[in-house]
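Here the structure is a predicted model, which is why all the values come from computation and not from measurement. Below, read A as the first sequence line, B as the second, and so on, with proteins coming before strands; counting in each chain starts at 1.
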Protein chains: 2
Amino acid sequence: MTTEAPLAFRPLYQQVKERLLNRLIDGTWPPGMWLPSEHQLAQEMNVSQGTIRKALDALTAEHLLVRAQGRGTFVAEAEDRRILFRFLRLTADDDSRQFPESSVASLRQRASDAGQRGKLKLDKGDRVWLIERTRELAGRPVVFEQICLPVALFPGLDQIEPIPNNVYALYASRFGLTVGRVTEKLKAILASETDVAELRCDVGTPLLQIDRIAYSLRGTPVEWRISRCLTDEFHYLSEL
Amino acid sequence: MTTEAPLAFRPLYQQVKERLLNRLIDGTWPPGMWLPSEHQLAQEMNVSQGTIRKALDALTAEHLLVRAQGRGTFVAEAEDRRILFRFLRLTADDDSRQFPESSVASLRQRASDAGQRGKLKLDKGDRVWLIERTRELAGRPVVFEQICLPVALFPGLDQIEPIPNNVYALYASRFGLTVGRVTEKLKAILASETDVAELRCDVGTPLLQIDRIAYSLRGTPVEWRISRCLTDEFHYLSEL
DNA sequence: CAGTGGTCTAGACCACATA
DNA sequence: ATGTGGTCTAGACCACTGG
């Protein structure tokens, strides 16, 4: 007589969802591509249309797919308005939503320090890219941020000129990495000397600091970003 | 011959969802109550079990219901751990989640000013309650907040002694108002004289200010709250 | 054991987009 | 007219809970 293992039960639609997700991860279905119809997928995977639907709906809820009645299902693109503002919570106080202009101040490669290795789950000896840039809203510098990326995931990044405004679209199109999830930790801090120069504010100005880690579809961290934001005329919007 | 109106199409499961939601709003099914089984509801409303399920699942996704396989479906309670931390995004930097202790400094009634009427959609002449309190995390004052409530929605609030730590549970149990949604606008500010006294910090300390409006199940604003938080050892967590 | 929610199927029909 | 996703149904079976 053996002790019964708890034996995990995995619903069929979850297995289907995983198989579909793998095709997104490995680039079989790149951003923008139209998927086969529900009927075709159901036939191909030998499950009912309802089961396919449940998997597609789940991926749609995670913003990885977009569905349109009468047209079909396609892979979400980082250029979409919906995606653009999903991770950009900073808004003018009058709620006029606009996408910020960016200007890169520097891009260089460095050996990773302990903090970066902890945030990005790197090993000793791994190298990182460091990007510094300021972002303008309403013609005014509002955000100064430092972006840290593993060189292993972004080879030859320094040969891309210029670094575009929307870096997540770049990650997807040039490096096959789709950002699927982000966690942000917010604090209030005082402007440092560097901040003062970049944001043209006074020493001691309170700034909103956003400490963000972005995860790929595989669930691995791909970007660590620290943003310092002027919030005299802007705010960070959170809906719960 | 008449011109055809565009005629909005409303799926059956949405109508069912609305009927169920109304029973939550009017108190037919108060927090904690067990609902009839899917089979019973389907019979009662003359729709299939699948349609009932879709409506129940939607309400569950909005955290208004809780479902448990083998046991049934019941109305979510504001005392639940899940609900407690849903609206409490402030966490210690070491991620040890704990619920803050609160001490009410004052509770008074006032005529509403223009700002309060705008936030809470009140009319001229409507009165409001004003609560001031500080909240402690890890035995240390961390949040100082002002809560503004329409007197019309919370009659006799000043006779409740003491005002409990979890006010949303109080709103539900004593005034039949369930908070279903919240929007928060975050800024970085400098500590004022009042903040300094309440939070035992220095003048000029940067604080995270949270401007929150809470909405009832009906979608009407029921609470306006401004919280000022020390973020030297704490942060606001946002997951996107 | 009976009763609950959770999964899965098969098929019909509806709303919508495109050609 | 055709093909897509969206809705709705009816029924079978599975997993879980509690008496």
Residue pair A:Tyr168 / A:Glu223, side-chain donor-acceptor N/O under 3.5 Å: yes

With pairs defined as Watson-Crick or G-U wobble and both distances under 3.5 angstrom, please note down DNA chain C as a dot-bracket string, | for pairing with another strand. ||||||||||||||||||.

State, yes or no, whether a side-chain contact exists between B:Phe234 and B:Val142 at a heavy-atom distance under 4.5 Å. yes

Heavy-atom contacts under 4.0 Å between residues 48-70 of chain A and DNA chain D, which residues? A:Arg53, A:Arg67, A:Ala68, A:Gln69, A:Gly70

Taking the cut-offs as 6.0 angstrom to the six-membered ring centre and 45 degrees off its axis, would you call A:Arg181 and A:Tyr215 a cation-pi pair? yes

With the side chain counted from C-beta on, respond yes when B:Lys54 and B:Val47 share a heavy-atom pair under 4.5 Å apart, and no when they do not. no

Ignoring hydrogens and angles, state whether a donor on the side chain of A:Tyr236 or B:Ser238 is under 3.5 Å from an acceptor on the partner side chain. yes

Charged tip of B:Arg135 within 45° of B:Phe99 ring normal and under 6.0 Å: yes

Return the value, rounded to whole Å, for the distance between atom CD of B:Gln43 and atom P of D:dT9. 14 Å

Could you pull out the closest heavy-atom pair between B:Trp29 and B:Val75, with the gap in Å? O-CG2, 3.6 Å

Check the distance between D:dA15's C1' and A:Arg10's CZ and give it to me in whole angstrom. 16 Å

Check: A:Arg86 and A:Val182 side chains under 4.5 Å, non-hydrogen atoms: no

